[in-house]
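Below is one structure, written out as C-alpha cells, with a few remarks after it.
Counting begins at 1 with the first residue of the sequence. These values consider heavy atoms only, across backbone and side chains, with no hydrogens, waters or symmetry-generated copies.
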Amino acid sequence: MFTVFTIVLYAVTGILTLWSIVETIRNRPAGKALLGGAALLLLLLIVQLIISIATFGSAHEVDPLLYFGYIITAIMVIALAGFWAFAELSRWGPGVLAAAGLTVTVMIERLDQIWQ
C-alpha cells in the first residue's frame, strides 16, 4: 500500500473512533457529522480497494484471497456499523461505530503487513 494513504486511513479511523467514544460517553445518538465521518472512511476504503486492484500486479508474493478478503471485510464492517449507528437512536449507535473503528484500525495494519 502507499504510505501516505495508509497514514490518512489511520488518521480518519482514529478521529472517527475517538469521536464515537466521546458521543457514546455523552449518551448521544450518532449525528449527521459522525455518520458523514463514517461515510468518508468507507469512501477511503473503497478508494484503497480500487488502488490495490490497479497496482496488484506490481505486488510481490501477495496472497490475493487474504489481502482482498481483509479489505472487503473492512468495507463491510464500516458500512454495516454506519447503518447500525443510523438506525440505533441511543448511545449504542456511536458505540458500534467505535468498535468498528477499532476493528478497522487493526485491519488497516494487517493490510499494510500483507502488502509489504
Side-chain angles (χ1 to χ4, degrees):
M1 290 190 333
F2 301 102
T3 305
V4 174
F5 195 71
T6 303
I7 292 169
V8 169
L9 280 172
Y10 278 130
V12 171
T13 307
I15 291 168
L16 177 68
T17 302
L18 290 175
W19 189 4
S20 298
I21 290 170
V22 168
E23 292 298 307
T24 302
I25 292 170
R26 293 176 66 196
N27 198 15
R28 295 191 178 201
K32 290 180 183 178
L34 187 60
L35 293 173
L40 174 65
L41 179 58
L42 180 62
L43 178 67
L44 289 173
L45 287 170
I46 292 171
V47 168
Q48 179 184 359
L49 175 64
I50 293 168
I51 291 171
S52 299
I53 291 170
T55 60
F56 190 73
S58 65
H60 305 288
E61 300 179 18
V62 174
D63 182 14
L65 185 62
L66 183 64
Y67 182 82
F68 289 108
Y70 266 100
I71 195 164
I72 290 170
T73 302
I75 290 169
M76 288 174 42
V77 164
I78 284 297
L80 291 173
F83 178 74
W84 189 338
F86 175 74
E88 180 67 41
L89 296 178
S90 70
R91 68 190 260 170
W92 298 114
V96 169
L97 274 178
L102 291 171
T103 303
V104 170
T105 301
V106 172
M107 295 180 93
I108 292 169
E109 174 62 28
R110 187 66 182 125
L111 284 167
D112 193 40
Q113 290 173 355
I114 294 169
W115 193 265
Q116 302 292 327

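Between Ile71 and Ser52, the closest heavy-atom pair is CD1-OG, 4.3 Å. Taking every heavy atom of both residues into account, Ala74 and Leu45 meet most closely at O-CD1, 3.9 Å.
With rounding to the nearest 0.5 Å, the separation of CG in Leu40 from CG in Leu35 is 12.5 Å. The CG atom of Leu42 sits 10.0 Å away from the CG atom of Leu80 when rounded to the nearest 0.5 Å.
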Dump the intermediate steps for side chain to side chain contact (heavy atoms under 4.5 Å, CB included) on Ile114 and Asp63, then the final yes or no.
CA-CA 8 Å; Ile114 294 169; Asp63 182 14; 5.7 Å; no
Test side chain to side chain contact (heavy atoms under 4.5 Å, CB included) applied to Ile53 and Leu49, step by step
CA-CA 6 Å; Ile53 291 170; Leu49 175 64; 4.1 Å; yes
Would Phe5 and Val47 count as a side chain to side chain contact (heavy atoms under 4.5 Å, CB included) here? Give the steps.
CA-CA 10 Å; Phe5 195 71; Val47 168; 3.8 Å; yes
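Under the 4.5 Å side-chain contact rule for hydrophobic residues, Ile7 and Ile15 do not share a cluster. Hydrophobic clustering (ILVMFWY, side-chain heavy atoms < 4.5 Å, transitive): Leu9 and Val4 are in distinct clusters. Residues Phe68 and Leu66 share a hydrophobic cluster, clusters being chains of Ile/Leu/Val/Met/Phe/Trp/Tyr side chains in contact below 4.5 Å. Ile78 and Met76 end up in the same hydrophobic cluster when Ile, Leu, Val, Met, Phe, Trp and Tyr side chains are linked at under 4.5 Å. Criterion: ILVMFWY side-chain heavy atoms under 4.5 Å apart, direct or through other members. Under it, Ile50 and Tyr67 are part of a common hydrophobic cluster.
Applying the side chain to side chain donor-acceptor pair (under 3.5 Å) test to residues at least two apart or on different chains, none of the pairs has a partner in residues 11-20. Residue pairs meeting the side chain to side chain donor-acceptor pair (under 3.5 Å) criterion with at least one member in residues 79-89, sequence neighbours excluded, are Glu88-Ser90. Within the structure, salt bridge (charged side-chain N to carboxylate O under 4.0 Å, His left out) contacts touching residues 24-34 (residues at least two apart or in different chains) are Glu23-Arg26.
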Donor-acceptor contacts under 3.5 Å from residues 93-110 side chains, at least two apart:
from   : atom 1 : to     : atom 2 : distance (Å)
Thr103 : OG1    : Ala99  : O      : 2.9
Thr105 : OG1    : Gly101 : O      : 2.8
Glu109 : OE1    : Tyr10  : OH     : 2.4
Glu109 : OE2    : Gln113 : NE2    : 3.3
Arg110 : NH1    : Gln113 : OE1    : 3.3

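Other cluster members for Ile25: Ile21, joined by side-chain heavy-atom distances under 4.5 Å among Ile, Leu, Val, Met, Phe, Trp and Tyr.
Scanning for ring-ring contact (aromatic ring centres under 6.0 Å, His included) contacts around Tyr70 gives an empty result, with sequence neighbours left out.
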